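For clarity, every value in this text was computed on a predicted model and none was experimentally measured. One is the number of the first residue; the rest follow in order along the sequence.
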Amino acid sequence: EISLGLVGSEMCIRDSNKAVYITALLSFLFIVQGCAKMSNIDIIKSTYEGKTSQENGQNLVAHASDTITWKEADGFAYAGTYHGMNDITEHVFQKLASEWYNYTFTPQNYLSQDDTVVVYGTYSGTYIKTGKKMQARVAHIWQLKNQKITHFEQIVDSKMVFDAMQ
């Protein structure tokens, strides 16, 4: 009996005897390589397109390398370069969660080449202290190595964000 399923982030075809009996091409793809991996673009999509923000965060943690570097744009409210998920969570995500109501990023498009994925879209949210809403255009540049996210860089129209904070 052959089954198809997910094992972690890998799509696998296996039979009950641990051998796969399919065409030569599929045999090569699944036996020699083990299992088909998620594409880089699918990994990045998983950090934006989960059913909840919590799921997006869990996907980010699952796909981030232990040495991930995260650069918030110069001139942005949370500007800086952060190393590792603890540092990123403390200096970016906790601040966004505590200072903004419904802060979201809505992806418009994904572009991928080799180990780079670029996502552009729009930030939106309401700054809690002022009650002002904002929308700002943004691009995120992701670098991956061996299906792990190693670098993130943000490019954003920070004026729109600062106007809401004043």
Side-chain angles (χ1 to χ4, degrees), residues 5-12 35-166:
L6 285 176
V7 178
S9 63
E10 301 175 341
M11 180 67 77
C12 299
C35 296
K37 306 280 186 190
M38 286 178 71
S39 70
N40 286 339
I41 203 165
D42 288 335
I43 289 169
I44 299 307
K45 279 184 177 183
S46 79
T47 70
Y48 295 115
E49 296 182 6
K51 293 178 183 173
T52 65
S53 294
Q54 182 179 3
E55 182 180 333
N56 294 341
Q58 290 168 344
N59 289 335
L60 175 59
V61 170
H63 294 292
S65 77
D66 293 338
T67 58
I68 186 173
T69 299
W70 189 279
K71 179 161 179 26
E72 293 287 299
D74 293 337
F76 189 62
Y78 312 108
T81 301
Y82 308 105
H83 305 278
M85 286 308 304
N86 289 337
D87 200 29
I88 296 163
T89 299
E90 177 184 347
H91 292 98
V92 180
F93 295 119
Q94 286 179 354
K95 289 183 179 186
L96 291 172
S98 66
E99 297 177 10
W100 292 86
Y101 173 72
N102 202 27
Y103 191 95
T104 58
F105 173 66
T106 304
Q108 181 180 340
N109 202 2
Y110 298 83
L111 308 168
S112 180
Q113 182 177 351
D114 300 324
D115 287 337
T116 301
V117 177
V118 177
V119 187
Y120 61 91
T122 305
Y123 284 151
S124 60
T126 303
Y127 194 64
I128 293 171
K129 289 182 182 177
T130 64
K132 293 180 183 177
K133 294 181 180 184
M134 68 85 188
Q135 287 193 331
R137 293 296 287 164
V138 62
H140 293 162
I141 304 168
W142 300 85
Q143 297 288 318
L144 297 93
K145 183 175 182 181
N146 299 322
Q147 295 200 302
K148 287 293 192 179
I149 300 166
T150 58
H151 295 87
F152 167 91
E153 182 176 357
Q154 171 201 58
I155 300 169
V156 62
D157 181 356
S158 58
K159 181 180 183 325
M160 305 306 288
V161 177
F162 274 112
D163 286 352
M165 297 173 80
Q166 303 301 316

Just wondering, do T67 and H83 contact through their side chains at under 4.5 Å, heavy atoms?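 They are not in side-chain contact.
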Which distance, rounded to the nearest 0.5 Å, do you find between the CE of M38 and the NE2 of H63?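 That separation rounds to 4.5 Å.
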Between the main-chain N or O of D114 and the side-chain N or O of N40, is there a donor-acceptor pair closer than 3.5 Å?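 Looks like yes, one N/O pair under 3.5 Å.
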Of the non-hydrogen atoms in A79 and D74, which two are nearest, and what is the gap between them?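 Shortest heavy-atom contact: CB-CA, 4.1 Å.
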Would you check if there is a donor-acceptor pair between the side chains of T150 and S65 at a distance under 3.5 Å?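 There is no such pair (donor and acceptor under 3.5 Å, judged by atom type) between the side chains of S65 and T150.
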Indicate yes or no for a side-chain donor-acceptor contact from K129 to the backbone of W100 under 3.5 Å, with no hydrogens or angles considered.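 Not confirmed, K129 side chain does not pair with W100 backbone.
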Can you tell if the side chain of I44 reaches within under 4.5 Å of the side chain of L144, non-hydrogen atoms only?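 Yes - at least one pair of side-chain heavy atoms lies under 4.5 Å apart.
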What distance do D42 atom CG and T47 atom OG1 have between them, rounded to the nearest 0.5 Å?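 Going from CG on D42 over to OG1 on T47, the span is 11.5 Å.
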Using a 6.0 Å cut-off, check whether atom NZ of K133 has over 12 heavy atoms from anything other than its own residue.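 No, because the 6.0 Å sphere around NZ of K133 holds 12 heavy atoms or fewer from other groups.
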My understanding is that only residues two or more places apart in sequence, or in another chain, count here; which of them pass side chain to side chain contact (heavy atoms under 4.5 Å, CB included) with K95?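 Only Y78, E99 meet the side chain to side chain contact (heavy atoms under 4.5 Å, CB included) criterion with K95.
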Go through the steps for Y123 and T104 under the test side-chain contact (heavy atoms from CB on, under 4.5 Å), then give the verdict. CA-CA 6 Å; Y123 284 151; T104 58; over 6 Å; no
When H140 is tested against each of F105, Y120, W70, Y110 for ring-ring contact (aromatic ring centres under 6.0 Å, His included), which residue passes?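 Going through F105, Y120, W70, Y110 one by one, the ring-ring contact (aromatic ring centres under 6.0 Å, His included) with H140 is satisfied by F105 alone.
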In sequence, state the C-alpha distance, the side-chain angles, and the governing distance for N109 and V119, and then conclude on side-chain contact (heavy atoms from CB on, under 4.5 Å). CA-CA 6 Å; N109 202 2; V119 187; over 6 Å; no
Nearest 0.5 Å, please: how far is CH2 in W142 from OG in S112?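 One finds 13.0 Å between OG of S112 and CH2 of W142.
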Heavy-atom donor-acceptor pair, R137 side chain to G121 backbone, under 3.5 Å: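 Side chain of R137 to backbone of G121, a donor-acceptor pair under 3.5 Å: yes, one is there.
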Within the side chain of D87, is there an N or O that forms a donor-acceptor pair under 3.5 Å with the backbone of Y82?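 No, D87 side chain to Y82 backbone: no donor-acceptor pair under 3.5 Å.
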Pair T122, V138 - check side-chain contact (heavy atoms from CB on, under 4.5 Å), show working. CA-CA 6 Å; T122 305; V138 62; 5.8 Å; no
Could you check whether T116 and Q143, counting side-chain N and O atoms only, form a donor-acceptor pair closer than 3.5 Å?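 On atom types as modelled, these side chains qualify, holding a pair under 3.5 Å.
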With rounding to the nearest 0.5 angstrom, report the CE to OG distance, M165 to S158.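 One finds 10.5 Å between CE of M165 and OG of S158.
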Is the count of non-hydrogen atoms from other residues, nucleotides or ligands lying under 6.0 Å from N86 atom CG greater than 12?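 For N86, atom CG is not crowded (no more than 12 foreign heavy atoms under 6.0 Å).
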Euclidean distance, L60 CG relative to E55 CD, rounded to 0.5 Å: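 Between atom CD of E55 and atom CG of L60 there are 12.5 Å.
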Any chance you could measure I41, atom CD1, to S46, atom OG, to the nearest 0.5 Å?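 Atom-to-atom, I41:CD1 and S46:OG are 11.5 Å apart.
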Evaluate the side-chain contact (heavy atoms from CB on, under 4.5 Å) criterion for residues I88 and I68: first the C-alpha distance (whole Å), next the side-chain angles of each, then the deciding distance (0.1 Å), finally the verdict. CA-CA 9 Å; I88 296 163; I68 186 173; 3.7 Å; yes
Indicate the atoms forming the closest heavy-atom contact of A62 with K148, along with that distance.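 A62 and K148 have their closest heavy atoms at O-NZ, 2.7 Å.
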For K145, salt bridge (charged side-chain N to carboxylate O under 4.0 Å, His left out) partners two or more places apart: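 Expected list: none.
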Check: A164 main-chain N/O paired with T130 side-chain donor or acceptor under 3.5 Å: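 Such a contact is found between T130 side chain and A164 backbone.
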N56 (side chain) donor-acceptor with G50 (main chain) under 3.5 angstrom: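 Such a contact is found between N56 side chain and G50 backbone.
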Sidechain-backbone polar pair: K132 side chain, Q166 backbone, donor-acceptor under 3.5 Å: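 Yes, K132 side chain to Q166 backbone: donor-acceptor pair under 3.5 Å.
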